Chemist: 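Just passing along the structure, written as structure tokens.
Worth knowing before you read on, the calculation uses all heavy atoms, side chains too, and leaves out hydrogens, waters and symmetry mates. Since we're looking at a predicted model, the values are computed, not measured.
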Amino acid sequence: MPVKASHIIGGEITYVHVGPDGAGGDIYRISLSIYEDCLNGSQAAIDQDDPAYIKIFTGNLTSGSNNAFFPSCSVCPDLFCQCTDSVHYSSAIRVPANFSNACVKDPPNTCITKKTFVKEYSLPPSSTGYIIVYQRCCRNASIINIANPSAIGATYYCIIPPKSLTSPLINNSAVFKNYPPQIICYNQPLFYDHSATDADGDSLTYEFCNTYAGGSDTNSKPIPQPPPFDPVRYISPFSYTDPMGGYPQVQIDAHTGMITGTPNLIGRFVVTVCCHEWRNGININTVKREFQFVVTNCSKAVVADIPILSDEPNTYIIDCQNFTVNFLNTSTGGFAYDWSFGVPGATSTDFQPTYTYPDTGIYSVSLIVNPGSTCPDSIERLVKIYPKFKSIFSVSGIQCPGGLMTFFDSTRTDYKPVITWEYLFGDGDTAFQQNPTHTYTKGGTYYVTFISSNSKGCSDTALQEVLIDKFRPFAGDDTTIVQNEVINFHAGGGNQFAWSPPLYSESTYLSDTSIYNPIGTFHDTGHFVYYLHVTSPLGCTGDTSVKIWVVPYAAFFVPTAFTPNGDGRNDVFRPIPIGYRSLNYFKIYNRWGEQVFSSNSWEDAWDGTFKGQKMDGGVYFWEISTINRFGSIEKKKGDVTLIR
């Protein structure tokens, strides 16, 4: 019975064009490499890797109608054949650890075997090309970036491009130069060269790409099935383009194949790298290597580190202000340091040196920690010099609530074009256009942040205060007065005022209609509504109004009931005077004659409490003493009902 292949931690397929087969076709040497965990893997599963089942299809990766080409047979020698080629491995080597264990405080034990299965095939010309497929299940259950790894297998494949009499394309696949890393250190910068070579001189590009399933937990050594293949499901926040996270994020350079970043999670991660072969601008093949990267707390004794202060991969800084760079050194375990600034003869042994570059450009800076010792370490970072860049913006428009403001980019840069703009308007809104417009709904001082950047990666931030007028035209409170009395108006919200006379009135009754505080004298009774046009110092304009009620004689009004329930309506009890000079006192008593409220101000009101406690509903009694407009004392009594 087949055993789950959780010992397989990676694989790849490559090929070499051997030559013509003499019958119009070509001979290709196909190499399948699988990487086995010989430390923790099941020996029974390891034994079942041999032979490997390989199948060749015509067609393409997206078609659902691919055809099996090889092998072609009518009778299968065993249940596992099913017209699938059985290939025995030709070599098995122990993969080197690729780092010095002597320079790691607590190196973990590792053991990886690379088994290579090689066989030559004679393939006739095909207008669709060929797809070589190998599948095996399953994966290590401790993988943390994909779902259900112990029941999900793997598919490794490679493509031989189409060939015809009119297009005699011959290709050798690219071959990765280095073994995959066995140990990746947690919280330590990773620099791994995952580049490849190509015998045909094709252009190569690299990316993290999709990982495909193959087989199942009930069929660990399946007969390879044709494409399209099912991708595995990555667990958020991981994806095939971001398989490991990290800070800085682990990523691959599309042109160099260099994997960089600082892993910040311990665990086992499935990572698939695609190397694309380009000839005459056409992608003719993609070589995929899937591998499980194991991040562990390996605690290197010496770690060389220059931090990344930019948004670009492996770039220490993009200096867009001047030519002088102050270098930070975040290395650990060091006692001596050798810096090389990327300019011939420019070196330093300081811990954190300063260097002034002679010109603009991109420079490769290297740092060796403890050079010449048993356990040195080194690191390289890029420094990009592109002075000068400065974010500048201006603002114009109507500085009033609801007014349209326009923001203008005036960024200065020696290296054009400016390609990104971000405005933070200070009220929670943002914009990403070069010259946006914005409307503030409320007056106040807003602190606007403007960030721009150019094609060289230069970025700068500018701050500016934007004053929006706190404009609120105000004509005063509605007022009731006694006939023949005067009223002092008190408007606000601006510095220019224009009072309009009441409707259907021949007189304004005002001493001046162009000031904020005219005096009104009313010899007639009635209701008078004044309209006021206000202009602020910043040019904001608005209209408001005030109502004046003129009554024939003095009086005050006392409600007969109130409901102090907190609903904002009729919650308090107080007298409302008209034409009285002052209040001597206003007192309230309960039915036992106990005083529960007293005041000598018209503005004070009873909220239905006494000594912090809510009073019961019922009838309460009040008395009032006032001084009228002629200086005489007037007294009155009454009652009010408190309703709960």
Chemist: Using distance alone, with no hydrogens and no angle criterion, decide if Tyr509 and Asp524 have a side-chain donor and acceptor under 3.5 Å apart.
Modeler: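 The criterion, which ignores hydrogens and geometry beyond distance, is satisfied for Asp524 and Tyr509.
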Chemist: Distance alone, cut at 3.5 Å: any donor-acceptor contact between the side chains of Asn628 and Glu634?
Modeler: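 Yes, Glu634 and Asn628 have a side-chain donor paired with an acceptor closer than 3.5 Å.
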Chemist: Per the salt bridge (Lys or Arg N to Asp or Glu O under 4.0 Å) rule, what does the pair list look like for residues 554-577, sequence neighbours excluded?
Modeler: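 As it turns out, there is no salt bridge (Lys or Arg N to Asp or Glu O under 4.0 Å) pair with a partner in residues 554-577 once direct neighbours are skipped.
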Chemist: Among residues at least two apart in sequence or on other chains, which ones pass salt bridge (charged side-chain N to carboxylate O under 4.0 Å, His left out) with Lys384?
Modeler: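 Once residues adjacent in sequence are excluded, the partners of Lys384 under the salt bridge (charged side-chain N to carboxylate O under 4.0 Å, His left out) criterion are Glu312.
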Chemist: With a 4.5 Å cut-off on side-chain heavy atoms, are Ile588 and Phe621 touching?
Modeler: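 Side chain of Phe621 against side chain of Ile588, heavy atoms only: no contact under 4.5 Å found.
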Chemist: Side chains of Thr411 and Ser391: donor-acceptor distance under 3.5 Å anywhere?
Modeler: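 Distance-only check fails for Thr411 and Ser391.
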Chemist: Do any pairs count as a side chain to side chain donor-acceptor pair (under 3.5 Å) and have a residue in residues 473-490, sequence neighbours left out, and if so which ones?
Modeler: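 Matches after skipping sequence neighbours: Asn484-His523.
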Chemist: Between Trp499 and Ile515, is there a donor-acceptor pair closer than 3.5 Å when you use the side chain of the first and the backbone of the second?
Modeler: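 Looks like yes, one N/O pair under 3.5 Å.
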Chemist: Any side-chain heavy-atom pair from Ile235 and Asn145 closer than 4.5 angstrom?
Modeler: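 SC-SC contact between Ile235 and Asn145 ruled out.
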Chemist: Regarding Gln434 and Asp409, do their side chains bring together a donor and an acceptor under 3.5 Å, going by distance alone?
Modeler: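 Asp409 and Gln434 do have a side-chain donor-acceptor pair below 3.5 Å.
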Chemist: For Lys390, enumerate each residue passing the side-chain contact (heavy atoms from CB on, under 4.5 Å) test, keeping only those at least two apart in sequence or located in another chain.
Modeler: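 Only Ile392, Asp460 meet the side-chain contact (heavy atoms from CB on, under 4.5 Å) criterion with Lys390.
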Chemist: With no hydrogens and no angle check, just 3.5 Å: does a side-chain donor-acceptor pair link Thr211 and Tyr234?
Modeler: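 Result is yes, a qualifying pair exists.
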Chemist: For the residue pair Phe586 and Phe573, categorise the inter-ring angle as parallel (less than 30°), tilted (30 to 60°) or perpendicular (more than 60°).
Modeler: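 If you compare the ring of Phe586 with that of Phe573, the planes turn out tilted.
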Chemist: Set out, in order, the CA-CA distance, both residues' side-chain angles and the distance that settles ring-ring contact (aromatic ring centres under 6.0 Å, His included) for Tyr530 and Phe489, then state yes or no.
Modeler: CA-CA 11 Å; Tyr530 285 90; Phe489 287 83; 5.5 Å; yes
Chemist: Ring pair (Phe, Tyr, Trp, His ring centres under 6.0 Å) with Phe351: which residues, sequence neighbours excluded?
Modeler: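 Applying ring pair (Phe, Tyr, Trp, His ring centres under 6.0 Å) to Phe351 gives Tyr337.
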Chemist: Can you sort out the partners of Asp305 under salt bridge (charged side-chain N to carboxylate O under 4.0 Å, His left out), two or more places apart, ordered by chain and number?
Modeler: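 Asp305 satisfies salt bridge (charged side-chain N to carboxylate O under 4.0 Å, His left out) with Arg381 once adjacent residues are dropped.
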Chemist: Name all residues meeting the side-chain contact (heavy atoms from CB on, under 4.5 Å) criterion together with Cys400; count only those two or more places apart in sequence or in a different chain, and write none if there are none.
Modeler: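 side-chain contact (heavy atoms from CB on, under 4.5 Å) check on Cys400 returns Ile398, Cys540.
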Chemist: Is the ring pair Tyr386/Tyr415 parallel, tilted or perpendicular, if the boundaries are 30 and 60 degrees?
Modeler: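 Rings of Tyr386 and Tyr415: perpendicular, over 60°.
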Chemist: Kindly say whether Asp242 contributes a backbone atom to a donor-acceptor pair with the side chain of Ser239 at under 3.5 angstrom?
Modeler: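 Flag set: sc Ser239 to bb Asp242 pair under 3.5 Å.
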Chemist: List for me each residue that meets side-chain contact (heavy atoms from CB on, under 4.5 Å) alongside Thr354, sequence neighbours excluded, and say none if there are none.
Modeler: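 With neighbours one apart ignored, the set is Thr324, Asn326.
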Chemist: Show me the pairs that pass ring pair (Phe, Tyr, Trp, His ring centres under 6.0 Å) and involve residues 437-458, at least two apart or across chains.
Modeler: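 Pairs touching residues 437-458 that pass the test: Phe393-Phe450, Tyr423-Phe450, Phe425-His438, His438-Tyr440, Tyr440-Tyr446.
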Chemist: Compute the centroid of each ring, for Phe610 and then for Phe597, and state whether the two points are separated by less than 6.0 Å.
Modeler: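 Phe610 vs Phe597: aromatic centres not under 6.0 Å.
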Chemist: For Asp414 and Lys388, indicate whether the former's side chain and the latter's backbone hold a donor-acceptor pair under 3.5 Å.
Modeler: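 Between the backbone of Lys388 and the side chain of Asp414 there is a qualifying donor-acceptor contact (under 3.5 Å).
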Chemist: Tell me if a side-chain donor or acceptor on Thr315 pairs with a main-chain N or O of Pro313 at a distance below 3.5 Å.
Modeler: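 At least one qualifying donor-acceptor pair exists.
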Chemist: List the residues meeting side-chain hydrogen bond (donor to acceptor under 3.5 Å, both in side chains) with Ser599, not counting sequence neighbours, and say none if there are none.
Modeler: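 Applying side-chain hydrogen bond (donor to acceptor under 3.5 Å, both in side chains) to Ser599 gives Asp604.
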Chemist: Listing request: all disulfide (SG to SG under 2.5 Å) pairs with a residue in residues 418-466, at least two apart in sequence or in separate chains.
Modeler: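 Those involving residues 418-466 are Cys320-Cys458.
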Chemist: Sequence neighbours left out, what pairs pass side chain to side chain donor-acceptor pair (under 3.5 Å) with at least one residue falling in residues 540-551?
Modeler: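 Sorted result for residues 540-551: His533-Asp543.
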Chemist: Has Asp616 got more than 12 heavy atoms of other residues, nucleotides or ligands less than 6.0 Å from its CG?
Modeler: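 No, CG of Asp616 has 12 or fewer neighbouring heavy atoms, counting only those of other groups under 6.0 Å.
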Chemist: Tell me whether Arg139 contacts the main-chain N or O of Ile152 through its side chain, where contact means a donor paired with an acceptor under 3.5 Å.
Modeler: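 The answer is yes, because a donor-acceptor pair under 3.5 Å joins these two groups.
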